[in-house]
*Asks:* 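One structure follows; several queries about it will come next.
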Amino acid sequence: MPSGILIIDKPQDWTSMDVCAKLRGVFQVKRVGHAGTLDPMATGVLPVFIGRATRAVEFAVESDKEYIAQLQLGVITNTQDSTGELLERRPVTVGREELQTLLPRFTGPQRQLPPMYSAIKIKGKKLYELARKGQEVERPARDITIHQLELLDGDPAAHTYRLRILCSKGTYIRTLCHDLGQALGCGGCMSSLRRSMACGFPLSEAHPLEEVLNHPDPISLLLPVDSLFSDHPALHLKAQGEKKHRNGVPLSTPKLKEGTYRVYGETGEFLSLSQCKTGRLAPIKTFYEI
């Protein structure tokens, strides 16, 4: 049964779940998941986990992500992006210099108020369901971190500017665009979004969906699940240690430095992501076939 990670360059107007549904048919597997939802208007890196590799999704969704977004000043919409209903147009009297000066205020740890048009649940109701009924409810701000926020270029005549954002999970880029516009006094929304990195996988490693659908051997495009954990050192076990590890027995490793490891069996099979603590190695998550 196919198992691995497929890095998709998501096309515009597809939901992330649309992509997963299509790939279930391509690979003839039921277990398909993704790491980090992209709105239909967005394109770019969407890591998709196939088969047993879906066990790694919980680690992938925690990772930082990078985006290239276009900010449209002078436009306010109900969704905070250009797909929403126009609420207001305002004159724009600021330009590149004012935007550049503002960016440090939005860099680093901060609290962000999620948009009403989001899938966050409040008292069992998704916010976008309430928003579609014209309701707005109180929702708690969330802790996020914007590690890097860079102004790439812009068209001052059109009041549009391209931003590169490296941020933590849970960051809404359209809310960032909205908040930047509010801080500049002219309002703003996000007019395009492309994810350039997720889970450590750059856009250069992503395959357009059409390429996958027309590929004679799509299984050959899958990356091994351990590629997700490449920033952790590898640890290779001998036969006796591998047997204990497969049986869930913590291994005594008094000389091993504390930390997280990619653990492999004697033949090179990826067994687990494991943690060494106080001289004992125990699995965090196993990936071997039983």
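Just so it is clear, the values below take in all heavy atoms, side chains as well, and ignore hydrogens, waters and symmetry mates. Just so you know, residue 1 is the first one in the sequence shown, and it goes up from there.
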*Asks:* Any carboxylate oxygen within less than 4.0 angstrom of a Lys/Arg side-chain nitrogen, looking at Arg90 and Glu88?
*Replies:* yes
*Asks:* Using the rule that two of Ile, Leu, Val, Met, Phe, Trp, Tyr join whenever any of their side-chain heavy atoms come within less than 4.5 Å, decide whether Val19 and Phe27 are in one cluster.
*Replies:* yes
*Asks:* Going through the checks in order, is the side chain to side chain contact (heavy atoms under 4.5 Å, CB included) test met by Leu193 and Asp81?
*Replies:* CA-CA 10 Å; Leu193 183 66; Asp81 61 38; over 6 Å; no
*Asks:* Begin with the C-alpha distance, continue with both residues' side-chain angles, and end with the deciding distance and a verdict on side-chain hydrogen bond (donor to acceptor under 3.5 Å, both in side chains) for Gln72 and Thr160.
*Replies:* CA-CA 5 Å; Gln72 173 70 65; Thr160 59; 5.3 Å; no
*Asks:* Taking atom types as modelled, find out whether Ser191 and Gln70 have a side-chain donor-acceptor pair closer than 3.5 angstrom.
*Replies:* yes
*Asks:* Could you pull out the closest heavy-atom pair between Leu152 and Arg96, with the gap in Å?
*Replies:* O-NH2, 3.9 Å
*Asks:* Would you compute the distance between atom CD of Gln112 and atom NE2 of His178 and round it to the nearest 0.5 angstrom?
*Replies:* 10.5 Å
*Asks:* Would you indicate whether the side-chain heavy atoms of Leu213 and Lys22 approach each other to under 4.5 Å?
*Replies:* yes
*Asks:* Flag the pair Phe201 / Leu223 as yes when at least one side-chain heavy-atom distance between them is below 4.5 Å, and no otherwise.
*Replies:* yes
*Asks:* Compare every heavy atom of Lys65 with every heavy atom of Tyr67, then report the nearest pair and how far apart it is.
*Replies:* OH-CD, 3.5 Å
*Asks:* Hey, what do you get for OG (Ser3) to CZ (Arg55), rounding to the nearest 0.5 Å?
*Replies:* 10.5 Å
*Asks:* Of all heavy-atom pairs between Pro218 and Pro216, which one has the smallest distance, and what is that distance?
*Replies:* CD-C, 3.8 Å
*Asks:* Is the backbone N or O of Ile68 less than 3.5 Å from a side-chain atom of Arg162, with the two atoms forming a donor-acceptor pair by type?
*Replies:* no
*Asks:* Are any side-chain N or O atoms of Asp39 and backbone N or O atoms of Met41, one a donor and one an acceptor, separated by less than 3.5 Å?
*Replies:* no
*Asks:* About how many Å separate CH2 of Trp14 and CG of Leu38, when rounded to the nearest 0.5 Å?
*Replies:* 14.0 Å
*Asks:* If we ignore angles and hydrogens, is there a donor and acceptor under 3.5 Å between the side chains of His147 and Ser168?
*Replies:* no
*Asks:* Indicate yes or no: does Arg111 engage Asp143 in a salt bridge with an N to O separation below 4.0 Å.
*Replies:* yes
*Asks:* Provide the closest heavy-atom pair for Leu46 versus Gly36 in the form atom of the first, atom of the second, distance.
*Replies:* CD1-O, 3.4 Å
*Asks:* Where is the tightest heavy-atom contact between Gly265 and His236, given as atom of each residue plus distance?
*Replies:* O-ND1, 4.4 Å
*Asks:* What distance separates Phe229 CZ from Ser272 OG, expressed to the nearest 0.5 Å?
*Replies:* 9.5 Å
*Asks:* Centroid-to-centroid, Tyr288 to Phe270, below 6.0 Å?
*Replies:* no
*Asks:* When you look at CD of Glu97, are more than 12 heavy atoms from neighbouring residues, nucleotides or ligands closer to it than 6.0 Å?
*Replies:* no
*Asks:* Using atom types as modelled and distance alone, determine if a side-chain donor or acceptor of Asp18 lies under 3.5 Å from a backbone N or O of Thr15.
*Replies:* yes
*Asks:* Rounded to the nearest 0.5 Å, what separates atom NZ in Lys10 from atom CD1 in Ile7?
*Replies:* 15.0 Å
*Asks:* Between Glu66 and Ser196, is any side-chain donor less than 3.5 angstrom from a side-chain acceptor?
*Replies:* yes
*Asks:* Taking 4.0 angstrom as the limit, do Lys238 and Glu242 come out as a salt bridge?
*Replies:* no
*Asks:* Minimum heavy-atom separation for Ser220 to His215, with atom names?
*Replies:* OG-CE1, 3.5 Å
*Asks:* Is any side-chain heavy atom of Asn78 closer than 4.5 Å to a side-chain heavy atom of Leu86?
*Replies:* no
*Asks:* Taking the side chain as every heavy atom from C-beta outward, state whether His34 and Pro47 have any pair of such atoms under 4.5 Å apart.
*Replies:* no
*Asks:* Can you confirm whether Leu271 sits close enough to Phe287 that some side-chain heavy atom of one is under 4.5 Å from a side-chain heavy atom of the other?
*Replies:* no
*Asks:* Heavy-atom distance under 4.5 Å between the side chains of Tyr264 and Asp226, does that happen here?
*Replies:* yes
*Asks:* Could you give me the CA-CA distance, side-chain angles and deciding distance for Asn214 and Glu210, then say whether side chain to side chain contact (heavy atoms under 4.5 Å, CB included) is met?
*Replies:* CA-CA 6 Å; Asn214 296 315; Glu210 278 300 312; 3.3 Å; yes
*Asks:* Report the C-alpha separation of Glu269 and Arg246 in whole Å, then their side-chain angles, then the decisive distance to 0.1 Å, and conclude whether the salt bridge (charged side-chain N to carboxylate O under 4.0 Å, His left out) test is met.
*Replies:* CA-CA 12 Å; Glu269 179 187 358; Arg246 285 180 179 271; 2.6 Å; yes
*Asks:* Can Ile5 and Ile50 be said to form a side chain to side chain contact (heavy atoms under 4.5 Å, CB included), step by step?
*Replies:* CA-CA 6 Å; Ile5 305 171; Ile50 310 290; over 6 Å; no
*Asks:* Honestly curious: do Leu163 and Val92 fall in one hydrophobic cluster under the side-chain, below-4.5 Å linking rule?
*Replies:* yes
*Asks:* Could you check Tyr261 against His232 for ring pair (Phe, Tyr, Trp, His ring centres under 6.0 Å), going step by step and ending with a plain yes or no?
*Replies:* CA-CA 5 Å; Tyr261 291 83; His232 298 298; 8.5 Å; no
*Asks:* Decide side chain to side chain contact (heavy atoms under 4.5 Å, CB included) for Asp9 and Val45; before the verdict, give the C-alpha distance in whole Å, the side-chain angles of both, and the deciding distance to 0.1 Å.
*Replies:* CA-CA 5 Å; Asp9 183 351; Val45 177; over 6 Å; no
*Asks:* Is the shortest side-chain heavy-atom distance between Leu99 and Thr101 below 4.5 Å?
*Replies:* no
*Asks:* Under the salt bridge (charged side-chain N to carboxylate O under 4.0 Å, His left out) rule, what do Glu258 and Lys277 come out as? Steps first, then yes or no, please.
*Replies:* CA-CA 5 Å; Glu258 290 196 355; Lys277 192 172 182 180; over 6 Å; no
*Asks:* To the nearest 0.5 Å, what is the distance between CG on Leu6 and CD on Glu205?
*Replies:* 11.5 Å
*Asks:* Compute whether any side-chain donor of one residue and acceptor of the other, for Thr43 and Gln12, lie under 3.5 angstrom apart.
*Replies:* no
*Asks:* Counting C-beta onward and ignoring hydrogens, is there a side-chain heavy-atom pair between Leu237 and Leu251 closer than 4.5 Å?
*Replies:* yes
